[in-house]
Amino acid sequence: IKTTFVALMLTASAAQATLVVTFDPSTTDVSVGDTFTVDVLANADFAGAFLGFDLGFNLDADSITLGSDFVAPSAAIFDVAGFVDSLPFPPLPISGVDILLATLTFTATTAGDLMLDVNAGSFSGLSFIQFSSEALNITVSEVSAPATLGLFAIALVGLVSIRSKV
């Protein structure tokens with residue numbers, strides 16, 4: 001009876017897939033007007049191996065590029081979706097660390113705090129797979145004062161030199 005219970009516990013724990021979505025920004029030093037990218041990564045153990053995904057985010061990206069292991073479906077419910085490329089056929093589920101799902105491109109238009117998080121979505125393998133995500137917080141700052149003052153000084157010198165020639 002004890003052996004049977006241990007076997008059932010091992011089977012139940014193996015069925016719990018571990019799949020975590022993370023974000024890797026190209027920079028964390030962002031100013032208004034900057035364009036930056038964020039890689040969307042998946043970390044999936046063997047039980048969390050997946051064939052496709054469909055994710056929604058709480059921010060709209062300027063553009064989205066899928067990772068090289070994926071092809072776009074004909075329709076997506078959320079912001080970005082992909083299926084494992086069909087070669088070899090049939091496709092094999094993907095598992096591993098830092099699997100590139102997509103690269104999102106953003107342009108910072110206003111100063112403040114931005115939070116990027118998955119607000120909806122699914123991963124599919126032989127069945128739907130539970131997943132968790134970690135939010136990314138980015139602070140967008142105003143254009144720095146020294147750069148603005150430098151431009152103003154150059155313009156002032158130009159005006160003075162034009163006035164002295166007249």
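Heads up: numbering here begins at 1 and tracks the sequence. Small disclaimer: the values here were computed from a predicted structure and weren't measured.
Not one N or O on the side chain of D113 forms a donor-acceptor pair closer than 3.5 Å with the backbone of T139.
N58 and L116 make their closest contact through OD1-CA, 3.5 Å (heavy atoms, listed as atom of the first residue, atom of the second, distance). Smallest separation of non-hydrogen atoms from F83 and P73: CE1-CB, 3.1 Å. The two residues A102 and V80 come nearest to each other via the heavy atoms CB-CG2, 3.9 Å. When every heavy atom of S124 is checked against every heavy atom of I129, the shortest pair comes out as C-CD1, 4.2 Å. The shortest non-hydrogen separation linking E142 to A111 is OE2-CB, 3.3 Å. Contact between V84 and V71 at its shortest, heavy atoms only, is O-CG2, 4.5 Å.
To the nearest 0.5 Å, the span separating OG1 on T28 from CG on N137 amounts to 11.5 Å. To the nearest 0.5 Å, the span separating CG on L104 from CG on D60 amounts to 10.5 Å. Here S68 contributes atom OG and I99 contributes atom CD1; the two are 11.0 Å apart, rounded to the nearest 0.5 Å. Between S133 atom OG and D117 atom CG the span is 4.0 Å, to the nearest 0.5 Å. Here the CG atom belonging to L101 is positioned 11.5 Å from the CG atom belonging to D54, to the nearest 0.5 angstrom. Distance check: L136 CG to L59 CG gives 9.5 Å after rounding to the nearest 0.5 Å.
More than 12 heavy atoms of other shown residues, nucleotides or ligands fall within 6.0 angstrom of atom CG in D69. The 12-atom threshold is exceeded at CG of D62, counting heavy atoms of other residues, nucleotides or ligands nearer than 6.0 Å.
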**OP:** For side chain to side chain contact (heavy atoms under 4.5 Å, CB included), just list the numbers for V32 and D34, CA-CA rounded to whole Å, side-chain angles, deciding distance to a tenth of an Å, and then say yes or no.
**Re:** CA-CA 6 Å; V32 172; D34 288 351; over 6 Å; no
Original post:
For T105 and S63, what are the C-alpha separation, side-chain angles and deciding distance, and is it a side chain to side chain donor-acceptor pair (under 3.5 Å)?
Top reply: CA-CA 5 Å; T105 303; S63 68; 3.3 Å; yes
Subject >> Full working for side chain to side chain contact (heavy atoms under 4.5 Å, CB included) between D79 and L55 >> reply: CA-CA 6 Å; D79 297 325; L55 298 174; over 6 Å; no
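In this structure, a donor-acceptor pair under 3.5 Å is absent between the side chains of T103 and T65. A side-chain N or O of T35 and one of T107 form a donor-acceptor pair less than 3.5 Å apart.
In this structure, V20 is not a member of the same hydrophobic cluster as L100, with clusters built from ILVMFWY side-chain heavy atoms closer than 4.5 Å. A continuous path of Ile, Leu, Val, Met, Phe, Trp and Tyr side chains, each step under 4.5 Å between heavy atoms, connects L114 with V40, placing both in one hydrophobic cluster.
For an aromatic pair to be called close, the ring centres must be under 6.0 Å apart, and F70 with F53 satisfies this.
The ring pair (Phe, Tyr, Trp, His ring centres under 6.0 Å) test with F106 singles out one residue from F36, F57, F23, and that residue is F36.
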